[in-house]
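The block underneath contains the structure these notes are about, expressed in structure tokens.
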Amino acid sequence: MSEKLGISHVAMGDILRQILRESDPLADKVRPYIQKGELVPDNLVIEIIKRRLNSLEVKDGFILDGFPRTIKQAEILDNYLGKERAIGKVINFVTPDDVIISRLAGRRVCRKCGANYHIKNLPPKKEGICDRCQGELYIREDDREETVKKRLKVYNENTYPLIEYYRDKGILIDFPGDLPLEEAQVKLFAMLNEIKKGS
Ligand code: AMP
């Protein structure tokens with residue numbers, strides 16, 4: 001989506017994993033939460049996202065992925081962005097838990113560029129190697145079944161209420177999250193074109 005629209009993809013989980021890899025001073029603070037599948041405290045992720053969004057040009061749009069995950073994060077984000085950069089649309093990928101569990105169990109991630117694969121749905125050309133950059137593919141520690149179940153519980157308690165938060169603002173779009181990849185892409189791009197036409 002970010003390539004298609006020519007705008008930045010700001011993924012909170014990717015930023016946090018980069019902090020862990022680079023032994024950033026914040027690494028010891030965030031590691032235990034990620035390992036357990038819990039949310040990193042709001043004050044920390046809010047500081048991190050503000051730093052990242054500050055570095056983007058005001059005129060540029062962006063896709064936020066994995067942020068916000070709590071009502072507090074959403075409220076602070078709204079205040080921070082103000083009217084000029086306000087969130088335009090929120091896409092809610094509606095996906096049954098069993099599909100999420102099997103997707104994450106088969107997920108492989110590139111250590112170098114962060115590209116995602118799936119052993120059945122989107123296998124790399126060469127097993128264990130990234131098609132894009134030849135980096136090594138690995139299994140995220142928090143994709144183990146027990147941790148995924150914990151993450152789903154955390155989602156239901158903390159993140160699920162955001163659906164009503166954004167529906168009330170009239171900017172929520174429900175999108176089926178269990179379509180085959182190609183069908184999902186076609187539908188998603190058609191939807192993005194509609195949004196662009198309307199803006
Ligand atoms: P993700 O790559 O989006 O699945 O995120 C991986 C992990 O990073 C989550 O399970 C949380 O531990 C942490 N994380 C990512 N985004 C946030 C957020 N907005 N608030 C708190 N923790 C987060």
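One-based numbering along the sequence shown. Just follow the structure's listing: the first ligand is 1, and inside any ligand the first atom is 1.
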With the threshold set at 4.0 Å, does a side-chain nitrogen-carboxylate oxygen contact exist between Glu47 and Arg51?
no
Is Asp142 touching ligand 1 with its side chain, its backbone, both, or neither, if touching means heavy atoms under 4.0 Å apart?
side chain
Shortest non-hydrogen separation from Val40 to Leu16 and the atoms involved:
CG2-CD1, 4.0 Å
Measuring only between side-chain heavy atoms, which start at C-beta, is Lys150 closer than 4.5 Å to Glu38?
yes
Pairwise distance CG(Asn92) to OG1(Thr159) - rounded to 0.5 angstrom:
11.0 Å
So, regarding Gly66 and ligand 1 (criterion: nitrogen or oxygen to nitrogen or oxygen, under 3.5 Å), is there a contact or not?
yes
Counting both backbone and side chain atoms, is some N or O of Pro68 under 3.5 Å from an N or O of ligand 1?
no
Is Asp97 paired with Lys149 through a side-chain N to carboxylate O contact shorter than 4.0 Å?
no
I want to confirm something. Looking only at heavy atoms, which of Arg69, Arg31, Lys72, Glu38 is nearest to atom 5 (O) of ligand 1?
Arg69
Under 4.0 Å between heavy atoms, the region of Val40 that gets near ligand 1 turns out to be both
Cationic N near anionic O, under 4.0 Å, Arg151 to Asp143:
yes
At what distance is the nearest protein heavy atom to atom 20 (N) of ligand 1, and which residue and atom is it?
Gln73 NE2, 3.0 Å
Nearest 0.5 angstrom please: Asp24 CG to Ile15 CD1, how far?
11.5 Å
If you count the atoms of ligand 1 from 1 in the order shown, which ones are under 4.0 Å from a heavy atom of Val45?
20 (N), 21 (C)
Quick one: nearest non-hydrogen protein atom to atom 4 (O) of ligand 1, plus distance?
Arg140 NH2, 3.1 Å
Atom 10 (O) of ligand 1: nearest protein contact (heavy atom, Å):
Arg151 NE, 3.9 Å
Any nitrogen or oxygen of Arg17, main chain or side chain, under 3.5 Å from a nitrogen or oxygen of ligand 1?
yes
Is it true that Glu75 and Lys72 make a salt bridge, defined as a side-chain N closer than 4.0 Å to a carboxylate O?
no
For atom 14 (N) of ligand 1, what is the closest protein heavy atom, and at what distance to 0.1 Å?
Leu16 CD1, 3.4 Å
Is the contact between Ile34 and ligand 1 made by the side chain, the backbone, both, or neither, using heavy atoms and a 4.0 Å cut-off?
both
